[in-house]
Structures are given as structure tokens and as C-alpha cells.
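Structure first, commentary second.
Sequence lines set the chain letters: A, B, ... in the order given, protein chains first and strands last, and positions in each chain run from 1.
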Amino acid sequence: MNQVVEGLAPQRVEAVRRPRLDWPLRRVIGAAMVASLVLLALLGNLVIPGDPLEQHLYRALQGADAVGVSDAGEVITSAPLGYDHLGRSLYHRLVAALGLSLSIAAGAVILAAFSGISLGLLAAGRGGWAERLLSLVADSLLALPGLLLVLMVSVILPSTPLALWLGLSLVLWVEFFRLARATGRSVLASPGVEASRLLGFGAWYRFRHHLWPEMAPVMMTAMAFGMANALMAIAALGFVHVGIPEPTPELGTMMVELLPYWREAPFALLTPVLVTFLLLLGLLLMSGSKARTSTAADTLEGARP
Amino acid sequence: MNLPSRLLQLLMVVLMVGGASYLMMQSLPGDAAWRIAAGRYGYDALDAAAAASVRAELGLEAQGGLHFLYWLGDILRLELGTSLISGESVWVEIRHQLGNSLSLAGAALGISLLIGPPLGLLAGLRAGGWLDRSLLAVCSLLRATPQFLLALVLILLISVEMGLLPAAGHGEPQHFILPAMTLALGLAAVSARLVRDAMAAVTQTAFHDFARWKGLSNAQTFWRHGLRHVALPLVTYLGLQFVTLVEGVVVIESIFGWPGIGHALVHAIFSRDVPMVQGTALVLGVGFVLINLLVDLLGRQLDPRGVK
Amino acid sequence: MVKLLSRLRWQYRTFLHDRRQLAVASVALSLAVVQPSHAQDASAAQASAADTRRLEIVAPFDIKGADPLLSGILFQRMQIVETLVEVDATGELQPGLATDWEVSDDGLEWRFTLRSGVQFHDGSQLDAEVARQVLEIASAKPGLLKSVPVERIVAEDAQTLVIALSEPFAALPAYLADYRQQILAPAAFDETGTAQQVIGTGPYRMLRMTPPLSLEVTAFEDYWGPQPEVRQARYQAVSRAEGRALIAESGDADFTYGLDPASRQRLSQSPRVTLAAAATPRTMLLKVNANHPAFQDPAVRRALSLAIDRTAIAQVVLRYPRGASQLFPPMVEGWHDPALPELHQDVAKARALLDAAGWKVAEDGIRHKDGQRLAISLITFSDRPELPLVATVLERQFHAIGIQTRLDITNFSAIPAGHHDGSLDMALFARNLAMVPDPIGNVLSDYAGTPEAPGGDWGAMGWFDADFTAELERMAREGYGPTPAGQDPRAQASGVIQRALPVIPIAWYYQNLAISNRLQSAQVDPWERSFGLSELRWAQ
């Protein structure tokens, strides 16, 4: 065994190193899944045009229509995945729902990342009271369940998409803040950064060349994981009837609406379920094993908050 | 984290919850009296007279900055007020509900500890083996499934199709099983991976090899040397898990009709029962801080090496 | 390791052996104890007072408190409390805690003869003085009794209660059947008049109440009427309709009240449950603000009504055979007039009416007039799950005639609040037209009003018809005798609403319930006043 050769000195318990081959493959698969769903959201309506709101009540819960071409040469807009309980095309609703959920989640993650990283670096760079105050706020926010925070924000702000966006950002920024602070602390104290500063390079340069390369891999996985959490939260809120209002389609509300018809039309219910599931799975695969256990990884190294 | 900073965190949580609740109350469009009367009387019996009587009874007028200080003062004196809907003391109601939620959370935690760590241990012992890979697959699948979806699948399979357990309700021991299982599966997915990672790391260390060479069996090595390393991240994770548990509890209680804090919270949000929302948020936030304090102490016992 | 395994195996086998013995013993014991019951008639029902089978009831109603105003309707449905006047399935008033009543010639004095020998669950007796106290407390609280012109209530002697009115009010006995006038023992109230316990006179008494979600009752031994066959019952509140349906399907509830349309279909095919339904005097209707520049014109309101495909809504969303043809469903006798021209869908006519009213379609497909877009908000709530669904359908159907609708699914108090501050455009809800078995109360509060404050919170908005209001008030005073033209005044009133359309009826409601195989059969009370527990029979 190699370790025999390396010596018998006690080693620190490290996070496990998986065989290199698995890791990128999982990430690739995850990224492919997410990318294809994003493409569907962006281009779905172009490929098969249709209206997610249009109702044909008497076609409710029926199966798919073939996409055909009429005698006049027009593409017949129809429902490649069948109809929901109000006779609306499931395919078009899914496309719209994907777009909406993805944009809210992505928006929340971007706002959270931006504010989290800036505040985290500020805390790491300044230290002292700023850092202590910001850490205090972050830890206290962590103490409150995310769903509760989003619910409270949804009461304070009238518009639901806005409330979801801000509420989710509030919940997600803590993770980015902590990661940025942890990375920032070690990097900003390093001699390389000190040298850059002495040489007169500005803050943006230091960020781009010193900080970002260190932070980027962890940030990416944190963003993927944050997206997954945000999507789950939106769906869960839709499930308790606090989500995006009708008639706008959204994945969680679609699942709730189609649930009573699960025996009559199981495929109708399966469609949003599968799409949500694939999206979440893809994001989780992209984020790899390090993201959620990031705080656990901190623990393994003894760097508790 | 040490005691003074945890206390500071506690204070901050209280401030934030109080502030958010105050904001909520101020920002509610229209008259809170209408909403409160709605929560009390239902849509068949609600009318302007009912709202007027509520308005008179509760004397609802917003005041201003000083009002906020009074508001905070009430919280700090642990005067959480009375529920605007039922008129019961918020503290009394929360105690009931918290008890129910805690029993559910406790059951879920117990089940997850029975499932997750043992599987993780076995997987970690032979990292890369078939158990490890299949565990990875199953855990990823479980984590990608929203909790309410898992709940529904379990209800449909076990309760409706097989008729083994009740689909919802509260009171008998069998009502515990499905909701606790749903929560537990989510928890176990993460804790299994955590333990697996830690275990795999331990098996690669030198002291582990040394112990085996000394003549200790696998089991003995684990109990004497490995357990602490595995227990440490698990214990810390459990502390953080409280938050996830609570979030899960909100949705699970809605689905299974469990009369706990999550269910009460959603109802309070709907009917704009601000004292109730505030009380619940406070209890959850403070509980989190206290649990993490416990976890810190426990962690220090397990790992006396201290914070780096 | 091998030793450990063999030790485990030995322990396991011993364990199994012990368990087997225990199992056999307990089976033998239970066979000895449990006798098959052959209760066939009322006396046998009394003999099986040792029947410990507990009925499991599931319904959506949360338990908010002991006061009649909060959850009184649930206590009435569970038959824990009773009212002076009862109602049978056809809507006829029947004796309840009052055996008889009569009114003086001038209509100002009502005498109620109370039933003798009625005990409360705490052992105290019911007499006129107790009834007087309870009714006075009830009339001080918000509720229907407040709108009755009561001058004073007097307990003339132990069995006679006199209610003196300042004006005649023919529907008074019907008002006393409402759940808010339930008779509780004086010991139940605190000094502010709020009930702290539920001490009633019904065949079931409260064993345990755990708000918000459950309560348990047991049969009351000293009930004045026949003893029920079902001796114990437990009620659980499950607010999600799918949840209730799942519980019914898995057999965990014997009696499930309130099913959503999809679950009804599913359950009708299940061998484990039987469904029962009854038409109720509840109508889904669209409240329209007649002060809105567009809806001031009755032709525009008619256009709205003509745009709605009620049959599709009823069949696809609600799973009923047809929608509403007028405001009152057929089960409300007198008010439902089969001769009225039915409300129907005619999209072309709707468009023509809107064009004629000056609302022209612009490029975006929405109608304009004088620079104003016909864009409105529609308020509804999700407490009744079918309402947001129907609102979604309506949004599209109004879009088809050029009206832009924004859905606002919120707390239902937004509807009366919006009525009072004038901000409401349209609202969709399900109105119980006969909270009191006589609809006159509701019609008066919803469609009468004054010129300054026309209509009512859950009825017309901005619409006032002086003749109509005067006629309604006359009906309240004098009753429903034929008009000078020899017609039923109730049908006339219904016709006024049908032509003016201050509200647009959409569908009539049926109340549903599912019972398990443990029960023989069940009836749904169309007036939603009772679950009928005391009438239930166990299937043998």
C-alpha cells in the first residue's frame, strides 16, 4: 500500500477522494440534464407553438394529439403531451412553468451570490466589527427555517414572484457569504495578495486573479445546490397554496392541481413530476458531493463558524 | 462557537423575528380586523358587523416607532400575546403544537439514525463497492425528490394501495409512521452519505492501518478509533438538520394533518395571525440556537482538539 | 463471529416461541370476550351500550374554540348541541328543544313551549329562564339574530319563552334553528358571555376536545330522545380535500364529509366506500360591482352571463350533470321557479351586447370605451378548492369576449372588505342561500339594503331596487301568501334577480360524503346542520 511508503505519521482526516473518473462524469451528466431542460424552456414554444393558457374543457385529461400539418400547410397547434384537467396543453404549460421556475430560482441565486460574495469578501477583508456583525446576521438568519422566511416575506410584499425572489435570496445568501468569507480570509492574508496590493493593483484585479480562482469551483457547486433548493422551495410553497397564483403555470402548482386525478390520468401528473425530478437531480449531480456537506467539510477540518 | 457568541446570536434572532413580525403587521393591506374575523367565523358567517366587533374588541390601530419598541419589549419579557383567531395564549398553543412536532421530529430523527448511518458505515468500509454505488444512486434520487412528493408516493403506495397504515391523522402510534418515514428518508439520505464519506476517509488514514496491523479486528478498530471521527460531522450535521426538519415539518404536517407547529404556522400566515407567526418563528429560531449550543458542547466532548 | 450468530439464532428462536404462545393466548382471550352483536332494533341498541366501536369522522372544519360563534356549527353537526327549532330534510321546521310555538295576531309576540325533562350534559335542567339567558347572550353577538327586530325576551314560566318583537317577523322560528342560537348550559359561559366549554343537550356529549384538529364524543345517557346506536365517535379535521379522500379510500375513516370532484369519481369505484350526496341550498355565484363603469349597464352583466359555459364548468370541473339555470336550486321550494328562462351560453350574443354598449375590441383583443380598457380583477379564495379552478376557467371565457381578468386568490375577507370600500370588481364564491332554513334572511341581507348602502357583503353591490326591497320586507313580515295577482311572491323575487343579474349564478352545489363498509348507510343533510350520527347503523 502506498500509505506504508509515505510514512506512519498520523494524518489529518481528509474528505474522501473519489476515483477521478467518476466525479467529472457525474457532473457532466448533471449539466447535460439541466442544459436540455433549459433549452426546452427557451425553445419549446418555438418548436411546437401553443398557448399554455388556452382551455378546451371537453378535452380535459385526454392523451396526446399528434402534431400534424393541416391541408393549408399550417402546423396544427396541439398537445404533444396531452391535456390537463382544464383542457390545457401539458407540454406548453411545462415549458412555461420551467421558464418561470428557472428564472425565479436563477434570479434568486444570482442575487444571493452577488450579495453573499460581496458581503463575505467585505467581512474577510475588513475584519473587526464589520465581520462580526455580518457573521452574526448570517448565523441568525440560518437559525430561521427558510420556508418560514419566504412565507413571512410573501406576507410583507404583495407581489408573489417578487416576494419569492427576495425571500429565496434572503435564505440563500448565507451560504455564499460563509463560503466567501472562509475563502477570503485565507486568501486575502496570503503573501500573493499582499504583494499585489503593494504593487498597486486594484481590488477588482485582486478579486479576479486571486480570489475568484479559489472560490470558483465551490461557488459553482453552491450555486447549483442553491438552485435546487430554490426550486424545491417554490414547489413546496405552491403545494401549500402560497405559491405563484393562477393561471400562471408553475411546477409545484401543476403537481398539486393534477394530484386528485392521479388515477384517472397518471401520465398527466407524471409529467411535471418527472420534469421537476430530472431538473433537481441534474442540479444535484452538478453540485457534486461537496456542496451540501460543505459545512460538514468545514467541521471535518475543525473550521466551525 | 462559544457561549457568548451563541447568546448574541440568540438576541439577534429575537430582534430579527420581532422586526419581521412587526413589518408584517404594518404591511398588511387593509384592516387586520377583517382577516381576524375571517379566521374566526368562516366565509358563511363573515360580515361587516363581525369585523367591526373584532376591531372594537382588539383595538387595532398602528402607532409608530415607539410602538416597535414596546413590541420588542413584550417579546423580551416573553409576553407573546394571544392568538388573534382563537383568543388562546400564544404560548399555550405553541406548547401543544411544539410537543406534537417534536414527537414527530424525534421519531423521524430516530428512524433516520437507524437507517442512514449504518448503511453509510457499511458503504464507507468498502468505498467503491456495489453497496457504495447503489447507496450513492439512491441518496441522490431521494435528495432530488421534494418532500411532499415523497409523502404522496408513500401515501399512495402504503396507505391506499396496500392499506397498511393510515393516510393522515393523529392520536394513535400508527399515525406516526408515514410522516416520520417521509422525513426520515430525506434525513437518512444525507446522513448516510456523510457517514460514508467520513468512514471512507477514516479507512484511508494511517492510524486505521496501524490499528489493523496491531491486531485489532475491523469492529474493534471502528469502535475505538473510527467512531469519534464519524460521529463528529454527524453530530454537527444533526444540529443543522433541525432547520431542514422544521421546513419539512411544515409541508409534511399539512399533508398528513398532523397538528404541529408547521400546520399552525401555515394557518397563521393565511389568516394573518401575527402574534402566532411571531411566536412560532421565535420558538423555532431560539430552539435552533439552543440545539446548536448543545451540539457545540457535544462536539467538544467528542473532539477535544478544539477549533483550529 | 460464528458464536455470536449462533447465540443470536438461539435467542431469536426462543423469542419466536414465546411470541407464538402469547399470540395464541391473546387470540383465545379475545374470542372469549368479543361476542358477535345482533342489535336489530332500538331496545337492542340500548342493550349494546357496551358497544365500544368508535366511529371515525373526517371533515374539513377546524375547531377554533368552544364558543358557538367560532365552531358552533361543528358542535351542531356532531349533535352535541341543539336548537329550539329543528329542520327536516325538506326544509320544514320541526320541534326541537321547543315543542310548539305560536304567534299573536299582531305578529309581535311569539310564545315558545319548551320541552320538559331536558337535561344538559352537566346535569342541569333546561327551562325557559336558561333559554332566555342563552338567547340574550346570542343576540348580543354578531349574527343573524341581531337583524331580527327583537324587543325583549321573557321567561313567562318554567316552560314558556316569550319573544316580543318591535315589528312582525314571520321567519323568527327559522332563525332560532341557526347554529348561533344553540342552547348551552349557563355554566358553559364565562362572565364576558363567551362559552368556555361545550355543554349542550344533544345525544352526544363532549368527551375530549383538542383544538384545532380533533374532538371525541360519547353517547349521553340521559338524552331526552332515543339513544343512538353509535356510542363513541371521534372527529378529525383534515383541511386538504385530497387528504380526506385518501383517508376514506384507505378505510381509516368511517364517515368522510366533503369530497372534491376527482376523488368522488375515484371513490365511486372503490369497494371499500359508499357515496351519498344531497343537493344543498348553496350556489356558486359571481358577485359583480354594479358601480363599475362597465357593469352599471345590465346589458353588460347579461353579456358576462352569456359568456359562461356553465355546462362545461359543471361537468368537467365540478363533475355534476349541469350548471345553474337560476340563483336558487330546485330544492329551495318556492324560490326556485322552473318557469324562469334559463341562463345559458351564447358567446355571439355576448359580443353583440358588448359592442352595442359601446365597448369595442382593440388590437390587443381587449375591449375599450372612452379610452378605458375593460380590465378587471376577480377575487376568490382557495378554502373551497373548486373556486380557483372555476375562476381560471372564467378568466379564459371572459377573455374570449374581450374582457381582461386578473385573478386574485386571497383571504375571503377581501370580498366583504372590497364591498365596503368599493374596490371590488368581481368576486367568485359559494353562497349558502339558506343559512337559516328560510332563505328570506339571506335574501334580505344580500339583495336589499338602502339606497346609500345597497346590497350586501355577499350579494349585490351597487344595485338597489326599491320595489324589490319593499316586497322582500313585506314577505319577511307577513309570510309567503300569494300576491294579489295570485302568484308566489318568492318566485317573483327570484325573477327580479334573474333579469337584473346583480350576481351571476354559475353552479349549484351538492354535499357529498363517503361511508365505509362498517356502516349500513348514511343520509346527507341538505341543510348542512347535522352529520346524522344518531341515525347511523353499524353494518353487521
Side-chain angles (χ1 to χ4, degrees), chain A residues 50-62 82-90 92-93 96-97 151 154-161 163 236-250 252-269 273, chain C residues 239-246 249 259-270 308-319 323 345 365 377-400 404-411 414 428:
Chain A
D51 187 356
L53 299 179
E54 195 183 325
Q55 292 168 4
H56 303 277
L57 283 173
Y58 289 110
R59 289 189 213 164
L61 297 175
Q62 283 175 18
Y83 296 94
D84 74 352
H85 57 303
L86 290 182
R88 298 174 293 199
S89 162
L90 274 174
H92 296 102
R93 285 184 70 74
L151 279 172
S154 72
V155 173
I156 299 177
L157 297 172
S159 153
T160 310
L237 286 174
F239 197 75
V240 293
H241 299 293
V242 184
I244 309 275
E246 281 283 357
T248 323
E250 190 273 311
T253 32
M254 278 175 77
M255 284 191 256
V256 173
E257 284 172 349
L258 289 167
L259 178 63
Y261 309 98
W262 63 274
R263 210 173 260 167
E264 282 173 59
F267 186 64
L269 175 62
V273 167
Chain C
S239 51
R240 295 188 75 103
E242 310 94 50
R244 289 199 295 281
L246 287 171
E249 211 171 346
L259 300 165
D260 62 292
S263 305
R264 269 199 334 264
Q265 195 131 340
R266 219 170 56 232
L267 287 173
S268 64
Q269 290 156 7
S270 164
I308 302 176
D309 186 352
R310 292 174 177 79
T311 316
I313 290 178
Q315 289 182 353
V316 177
V317 180
L318 302 173
R319 311 273 171 109
Q345 184 190 35
S377 70
L378 169 57
I379 301 181
T380 189
F381 49 94
S382 56
D383 300 47
R384 295 194 84 102
E386 67 279 357
L387 288 175
L389 279 179
V390 175
T392 313
V393 175
L394 287 178
E395 189 265 334
R396 282 289 103 183
Q397 292 184 344
F398 290 157
H399 183 87
Q404 185 177 56
T405 321
R406 182 182 66 87
L407 293 182
D408 186 7
I409 304 178
T410 177
N411 187 307
L428 181 72

Rounding to 0.5 Å, atoms OG1 (Thr392(C)) and CG (Leu53(A)) come to a distance of 9.5 Å
Ordered numerically, the heavy-atom neighbours of chain A under 4.5 Å found in residues 260-267 of chain C are Asp260(C), Ala262(C), Gln265(C), Arg266(C)
Closest non-hydrogen atoms of Ile313(C) and Leu57(A), given as atom of the first, atom of the second and distance, are N-CD1, 4.4 Å
- request: Quick one: do Val316(C) and Gln55(A) satisfy side-chain contact (heavy atoms from CB on, under 4.5 Å)? Show the steps, please.
  value: CA-CA 12 Å; Val316(C) 177; Gln55(A) 292 168 4; over 6 Å; no
TODO: Look at Glu395(C) together with Arg88(A) and state whether they make a salt bridge at an N to O cut-off of under 4.0 Å.
DONE: no
If one checks every heavy atom of Gln269(C) against chain A at 4.5 Å, the contacting part turns out to be neither
When the 4.5 angstrom heavy-atom criterion is applied to Thr405(C) and chain A, the contacting part is neither
Most contact-rich option vs chain A, by heavy-atom pairs under 4.5 angstrom, among Gln397(C), Arg396(C), His399(C), Gln315(C), is Arg396(C)
Under 4.5 Å to a heavy atom of chain A? For Asp408(C) that would be neither
Among Asp309(C), Ile409(C), Leu407(C), the residue with the most heavy-atom pairs under 4.5 Å to chain A is Leu407(C)
